[in-house]
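Because only heavy atoms are used, hydrogens play no part in the values below, and waters and symmetry mates are left out as well, while side chains stay in. Below, read A as the first sequence line, B as the second, and so on, with proteins coming before strands; counting in each chain starts at 1.
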Protein chains: 2
Amino acid sequence: MTGALVIAGLGPGDDALITPEVAQALADATDVVGYIPYVARIPPRAGLTLHATDNRVELARATHALELAAAGHRVVVVSSGDPGVFAMASAVFEALEHAPHLSGLEIRVLPGITAMLAAAARVGAPLGHDFCTINLSDNLKPWDLLERRLRLAARADFAMAFYNPRSASRPHQFGRVLDILREECGMARPVIFARAVTTPAEQVLVTTLAEARPDMADMRTVVLLGNAATRQVGRYVYTPRRAG
Amino acid sequence: MTGALVIAGLGPGDDALITPEVAQALADATDVVGYIPYVARIPPRAGLTLHATDNRVELARATHALELAAAGHRVVVVSSGDPGVFAMASAVFEALEHAPHLSGLEIRVLPGITAMLAAAARVGAPLGHDFCTINLSDNLKPWDLLERRLRLAARADFAMAFYNPRSASRPHQFGRVLDILREECGMARPVIFARAVTTPAEQVLVTTLAEARPDMADMRTVVLLGNAATRQVGRYVYTPRRAG
C-alpha cells in the first residue's frame, strides 16, 4: 500500500492555532475527509478532493478514509480541536479494528489545540492543577456511569472540562449535571462557559455554580469548572499550582 | 501601562508544533522569560532580550515578567507544552495576586500542544474517552491527597495522563503510584511511557501495568494509562468512544 492516512487536529477555530505540521499535511493531501463544518475550513485547490459528511456517521467516515488511503490516496481526516480528544482518532482505530485487511496502513495522528486549552487560556489558568476531561454526550455513555464519574471526580477535587454539554436531543441532562455539581462542590465554585472560542462567534462567561443555567451552554460550548482552590484575580480565573 | 504580557506554549519540542499565534508573539517580543531549556529554543535576534532562569523559581520569574511588562516591555513568558497545564500561566496569576498594583496589565495566554496530546497522538488515541490529567510532583501536593485522587480516578474509570512522574529528589514515589494503579486497575491495563516526545530524544514504550517499572520514566516522560476498555489494534493503542 502506497497511501497514507493522517488524522489531524484543526484547533478550536482560529487558523492561527493550526500547527505548521498540520498545515503541511493539508498541503500534501489528495483527499480531506471530515464533518461538514470542519471540511469547510479547508480552502479548495486543484488536486484536492473534499469529502464532507454529516455528524452521526463517524465510523462510516473513518472506514471510507481508511479505504481511500489503502487505494493510494494521501488522506487527511480532519477534526476540530485535537483528534484524540472526543474526535476522529478513536473512530479511525475502531474502524481499523473491524478492517484487519487494512492493518498494514501507515496512520499518523497530528495533535491540535483542543477546545478546553483554548477556553482555559481565554480566562487565565483554571486548569492549572490536576483536572479531568469529560464528554457529556450521552450518546456514548449511560447516564448512571456519567453520574458516578462526576461524583468521584468532584470528590477527588479535580478541576473539570466538559465537552458537548447540551444538544437539542437531550436538553435536560446538563441541568442534572449542574445539580450534581452543586451538591458535590457547593454554590460558590467558579464555572466558565466558553462558546465557539477563538472564532468570530466567541462568547465567554465567568460565573459560579449558583448562577449557572443550562441554557448558558450549547454544543459549541466547552464548560470549565474550578477545583476548591480556584479563584479570581482581577478579570482572570486561575487554579493554584499547589494543593492540600 | 503600555507593555503587555503574553504567556505562550511552545508545544512539546518540535518547532512544527508551535502555533502561528505563538510564533507571531515571539516575533513581536522585546523580552522572553522562562526556564533555561525553553528559552534556549528561542533564536536570538537584535532587539530581543532572553531571560533564562532555573526551574525552582517560578514565582520570582513570573513577578519579574510582570514588572518588565509594566515597565513597557513586550514580554513573552514561555512554557513547554501548554502554559495552562502544569506550567507558567498559574504562576503568573499567582504572582499577579500578590502584586495588586499591576492588576491593570493586559495579560494574554496563548495555548500550546501539551505533552499528553502529543504522546497520545504518537500511539493512537489512548485518551479517546473521558480522562484525567495529574501532576505527580509531590512538591505541589501532599502524598495522601495524591493517593486518594488516584484511587478515585481509577474507580471512575478515567484514562489518565501523568506529568512529572519521577525525579532524582523523589525516586520511590512513582513506584508507589504504579502499585496503587495495579491494585485498582489490574495487571493487564495498557500503559504508555512517552519520553521527550517530538524531539530527537523521543522514546515511546507501550506496555502493561504488569510490566511497568519506575525506571521507565523520568522528568521528561509523560505516562498515559488506558481505561478498562483501552485496547491495541496492530501497533496502535486506542480507547473506544463508547463506554458502559
Side-chain angles (χ1 to χ4, degrees), chain A residues 11 14-21 24 58 82-86 89-91 93-94 96-97 103 107 109-114 117-118 120-122 124-125 127-135 140-142 145 148-149 152-153 155-158 231 233-234 236 238-244, chain B residues 11 14-21 24 58 82-86 89-91 93-94 96-97 103 107 109-114 117-118 120-122 124-125 127-135 140-142 145 148-149 152-153 155-158 231 233-234 236 238-244:
Chain A
D14 183 347
D15 286 351
L17 295 179
I18 297 178
T19 66
E21 181 181 67
Q24 187 62 55
E58 284 92 349
D82 180 89
V85 178
F86 314 135
S90 188
F93 293 107
E94 187 181 334
L96 187 68
E97 196 169 5
S103 64
I107 301 175
V109 182
L110 307 185
I113 303 291
T114 186
L117 298 185
R122 272 295 188 268
L127 304 178
H129 191 74
D130 300 343
F131 63 94
C132 62
T133 306
I134 296 177
N135 189 350
L140 299 171
K141 129 182 69 186
L145 173 62
R148 190 168 74 247
R149 193 166 281 168
L152 289 166
R155 288 165 197 176
D157 197 23
F158 282 115
R231 64 189 79 194
V233 49
Y236 306 104
Y238 87 100
T239 300
R241 299 163 299 152
R242 286 169 199 280
Chain B
D14 183 346
D15 286 351
L17 294 178
I18 297 178
T19 66
E21 181 181 66
Q24 186 62 54
E58 284 92 348
D82 180 88
V85 178
F86 312 135
S90 188
F93 292 107
E94 188 181 331
L96 187 68
E97 198 171 4
S103 65
I107 300 175
V109 182
L110 307 186
I113 303 291
T114 186
L117 299 184
R122 273 295 189 267
L127 304 178
H129 191 74
D130 300 344
F131 63 95
C132 61
T133 306
I134 296 177
N135 189 350
L140 298 172
K141 124 185 73 184
L145 173 63
R148 188 169 76 248
R149 193 167 281 167
L152 289 166
R155 288 166 196 175
D157 197 24
F158 282 114
R231 63 190 78 196
V233 47
Y236 306 104
Y238 86 100
T239 301
R241 299 164 298 152
R242 284 169 199 282

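- Considering every non-hydrogen atom in both A:I113 and B:G112, the closest pair reads CD1-C, 3.3 Å.
- Heavy-atom pairs under 4.5 Å with chain B were tallied for A:A125, A:G128, A:S90; the largest tally goes to A:S90.
- Under the ring pair (Phe, Tyr, Trp, His ring centres under 6.0 Å) criterion, B:F158 pairs with no residue, sequence neighbours left out.
- In this structure the side chain of A:D130 reaches within 4.5 angstrom of the side chain of B:R149, judged on heavy atoms.
- Rounded to the nearest 0.5 angstrom, A:I107 CD1 and B:Y236 OH are separated by 4.5 Å.
- Proximity to chain A is limited to the backbone of B:I18, based on heavy atoms less than 4.5 angstrom apart.
- Across all non-hydrogen atoms, the minimal contact from A:L117 to B:L117 is CD1-CD1, 4.2 Å.
- Rounding to the nearest 0.5 Å gives a distance of 8.5 Å between CG of A:D82 and CG of B:L127.
- In this structure, B:V85 and A:F131 have side chains that are in contact, with non-hydrogen atoms separated by less than 4.5 Å.
- B:L152 CG to A:C132 SG: the interatomic distance, rounded to the nearest 0.5 Å, is 11.0 Å.
- Residues A:P111 and B:L17 are in side-chain contact: their nearest non-hydrogen atoms beyond the backbone lie under 4.5 Å apart.
- Here the shortest heavy-atom pairing between B:V109 and A:G124 reads CG2-O, 3.7 Å.
- Residue A:T19 comes nearest to B:A16 through the heavy atom pair CB-O, 3.5 Å, listed as atom of the first residue, atom of the second, then distance.
- When B:A89, B:G84, B:A153 are compared by the number of non-hydrogen pairs under 4.5 Å with chain A, B:G84 comes out ahead.
- With A:E94 as the partner, the salt bridge (Lys or Arg N to Asp or Glu O under 4.0 Å) test is satisfied by one option alone out of B:R231, B:R242, B:R241: B:R241.
- Minimum interatomic distance between A:P20 and B:P20 (heavy atoms only, all atoms of both residues): CD-CD, 4.4 Å.
- Each of B:R148, B:E97, B:R122, B:E21 has some count of heavy-atom pairs under 4.5 Å with chain A, and the biggest count is that of B:E97.
- Residues satisfying the side chain to side chain donor-acceptor pair (under 3.5 Å) criterion with A:T133, sequence neighbours excluded, are absent altogether.
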